[in-house]
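Worksheet: the structure to be examined is printed underneath.
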Protein chains: 2
Amino acid sequence: MFPTERRKRITIKDVAQTAGVSTQTVSRVMNKFSYVSDETRQRVEKVVEQLGYHPSTLARSLIQQRSYTLGVVTFGLKYIGPSRTLNGIADKADELGYMLLIKELDNFDTNRIGDVIDSLLARQVDGIIWVAPEIGNNHTWVDERMDRISVPVLFLAMRPRHNIPSIATDNYQGAVMAIQHLLDCGRKKIGHISGPLGWWEANERKRGWCETLNAADFDTSEQHCAEGNWSSSSGEQAFIQLLDSFPDMDAIFVGNDQMALSVLREAHRRGIRVPEELTVVGFDNIPESAFFYPSLTTVSQDLQLLGEQAVQNVVEMIQAGQGNKSIIAQSRFIQPTLIVRESSKIV
Amino acid sequence: MFPTERRKRITIKDVAQTAGVSTQTVSRVMNKFSYVSDETRQRVEKVVEQLGYHPSTLARSLIQQRSYTLGVVTFGLKYIGPSRTLNGIADKADELGYMLLIKELDNFDTNRIGDVIDSLLARQVDGIIWVAPEIGNNHTWVDERMDRISVPVLFLAMRPRHNIPSIATDNYQGAVMAIQHLLDCGRKKIGHISGPLGWWEANERKRGWCETLNAADFDTSEQHCAEGNWSSSSGEQAFIQLLDSFPDMDAIFVGNDQMALSVLREAHRRGIRVPEELTVVGFDNIPESAFFYPSLTTVSQDLQLLGEQAVQNVVEMIQAGQGNKSIIAQSRFIQPTLIVRESSKIV
DNA sequence: TCGGGTAATGTTATCGATAACATGTTATCG
DNA sequence: CGATAACATGTTATCGATAACATTACCCGA
């Protein structure tokens, strides 16, 4: 069998030669810059069309020191959260004319992180968006290494740090809203199933639960909460444990919707009526949560928007850097909203 | 305030100069090629370390006509399916030393498709993976345009076409397994809620339902099926309609788990016992489906694996192209598996 | 009429690396 | 002992584009 015929790339030189002009003129036509006579422009454009010429972004990036590409570092793409964020990033990037170079982390080894960043920089990305969650001290490298990175880096879902730009959902406020809502429902014994407490986000949610209850003069002892790992199955475990350690609980704030799903199921199995005997509030507002039985009241975080703002922000930083202006690095929060559904509707 | 100090890129020249050798020697050290004396090697390596030199992949790509980057075109990233596939792609790409350049489609306008491909080619991707579903005739361009693309392209979840490499879950077989299972359970009136029938995958699943029932001499009239759009809410609609048009239905094969979720809920609301009065089987095996009430029997498709194989395949095609060998373009199927859970367990 | 601006195009240098070729130095061998 | 191979390094061309500068022609106003 013959080798697959791979057509040779058509370069600016081919166009120039065919059109009988210099490459510079072709470049001028392609970039709609400066002076080209109408006649020449048309001739060149015709040749471009005929040959099917497309400029090499690669070569352009090299000379311009600018690639119109953003690096995106993600973790846990198989979960719905990161991919919704990525969706927002992709949309906005497209709108602003950037492409995305994606790297997925499978661990937080510091060497690995260095390598990932280097490989992005080696490809001349104009900026980097960090979409990996802060867990334990897996972000400590940030403080030491950030100034060695030559392009803007924006962190998502990271605890705000001085002088480092970041955007996150206000998990604390979300939790506050959830608890406030439960209090408004007249609930007085509110338990909590948290995500893994190594996660900054899980911690923030728990803090919201804790502080709001304390402010209302309610108790938040360790018997009133349990820790899961975000998965439905861990939620089930945690709920069973909680039923034991906090038997007269009349409401529960669950760290995410997946875990809340098993709470609903287990409650159902045991004949605990939701919301009458147990009022349930989740977090995240995954699309399915509106179709749980009963439908789940939850805190909705707009991850799509998070992604979009991230791109907007990085691009602003890039442009500021180009113009030699400086943007003050800031941490920003996006406010979540409470979606009230059957699991907390007391008639 | 001072402009943010952006450190100038350290190039191979800087290293060469500092180490007192030619750039070529540095290049040799970096690529562990051919002859370099130990002494020189060490000296260069030390300088590389000191200056923190990292070669520009961009420049290398330009001269080598090879970028070690794959283009990935996706659609509907915000849904769990595509992102699990992407996850598999990311993992394998990393393993094989490739980066990913991602473009998300928001429609299937043919011009837009052309632009997306061009923008990937302009960045010298070595191959392309197409992760957008086949809907209606949104893939007709493939037959006409494929030979104009200068790098290997692999399609996922596309109807097999002659001479065009593709990989897909065997949706038809998955459906066959589901129906066979329901028949084994002694069910005789099996309904179906399909995905949007414009989708090739939805069609295949429906075909599996249809042909398997017919083969067993059962009826598959239009009253026995309804069409949803994959969403839970459409599933609810379709189920209600089906209850009406097919009142003595004793089992139902639902096109995906999200729609099955609302079937379970609506059945519950109406006091239809699952699985005794209505046996339910879904498709996809989303993580939550094991925690539905009752837990859902479903057809599991391994999208992660799909992604991994896609990368493996494209890379093989790339290497074959390099070696001027040719690989015969083939369409491949991945077999799904049936996961039996409570919603079909008849005691 | 001549200097200077605008228009139109070409020439050369450059981005950061590697390919291809050239050169010089040792070792090896018949 | 000279030829040949292996080793070690340097020089120049190249990838595909744009930046920076140069050139030419023409027009206009002082």
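In this text the structure is predicted, and so the values were computed from the model without any measurement. Throughout, protein chains are lettered first and strands after them, A, B, ... in sequence-line order, and every chain is numbered starting at 1.
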Fill in: Residue A:Lys103 excluded, over 12 heavy atoms near NZ under 6.0 Å
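Atom NZ in A:Lys103 is packed in, count exceeds 12.
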Discussion item. Does A:Tyr79 have more than 12 heavy atoms from other residues, nucleotides or ligands lying within 6.0 Å of its OH?
Written reply: no
Worksheet entry | OP1 or OP2 of C:dA7 under 4.0 Å from side-chain N/O of A:Tyr35 |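 So the side chain of A:Tyr35 is within the cut-off, an N or O lying under 4.0 Å from OP1 or OP2 of C:dA7.
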Practice prompt. Quickly work out the B:Gln42 CD to D:dA8 C1' distance and round it to whole Å.
Written response: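 Between C1' of D:dA8 and CD of B:Gln42: 15 Å.
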Discussion item. How many whole angstroms separate atom CD of B:Glu39 from atom P of D:dC7?
Written reply: 18 Å
Discussion item. With heavy-atom distances below 4.5 Å as the criterion, would you say the side chains of A:Met30 and A:Val15 are in contact?
Written reply: no
Worksheet item: Can you tell me the Watson-Crick or wobble partner of C:dC29, both distances under 3.5 angstrom?
Response: D:dG2
Response to the item:
If pairing means Watson-Crick or G-U wobble with both distances under 3.5 Å, then the partner of D:dC26 is C:dG5
Worksheet entry | Nearest to side-chain heavy atoms of B:Ser27, which nucleotide of D:dT9, C:dT18, C:dA8 |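 Side chain of B:Ser27 sits closest to C:dT18.
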Worksheet item: Just by protein heavy atoms under 4.0 Å, how would nucleotides 11-16 of chain C read 5' to 3' in B, S and -?
Response: B--BBB
Worksheet item: Across the strands shown, which category fits A:Thr40 at heavy-atom distances under 4.0 angstrom: base, sugar-phosphate, nothing?
Response: sugar-phosphate
Discussion item. Under 4.0 Å, counting only non-hydrogen atoms across every strand here, what does A:Ser61 touch: a base, just sugar-phosphate, or nothing?
Written reply: nothing
Discussion item. Parallel, tilted or perpendicular: which one describes the rings of B:Trp130 and B:His139, with boundaries at 30° and 60°?
Written reply: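 Rings of B:Trp130 and B:His139: perpendicular, as their planes differ by over 60°.
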Practice prompt. Tell me, please, whether B:Tyr68 has B:Arg66 positioned over its six-membered ring: NZ or CZ under 6.0 Å from the ring centre and within 45 degrees of its axis?
Written response: yes
Discussion item. Quick check: on DNA chain D, is the nucleotide nearest A:Val26 upstream (toward 5') of the one nearest B:Asp38, or the reverse? Name the residue that is more 5'.
Written reply: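 The 5'-side residue here is B:Asp38.
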Fill in: Salt bridge flag under 4.0 Å for residues B:Glu49 and B:Lys46
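Salt bridge between B:Glu49 and B:Lys46, a charged N being under 4.0 Å from a carboxylate O: no.
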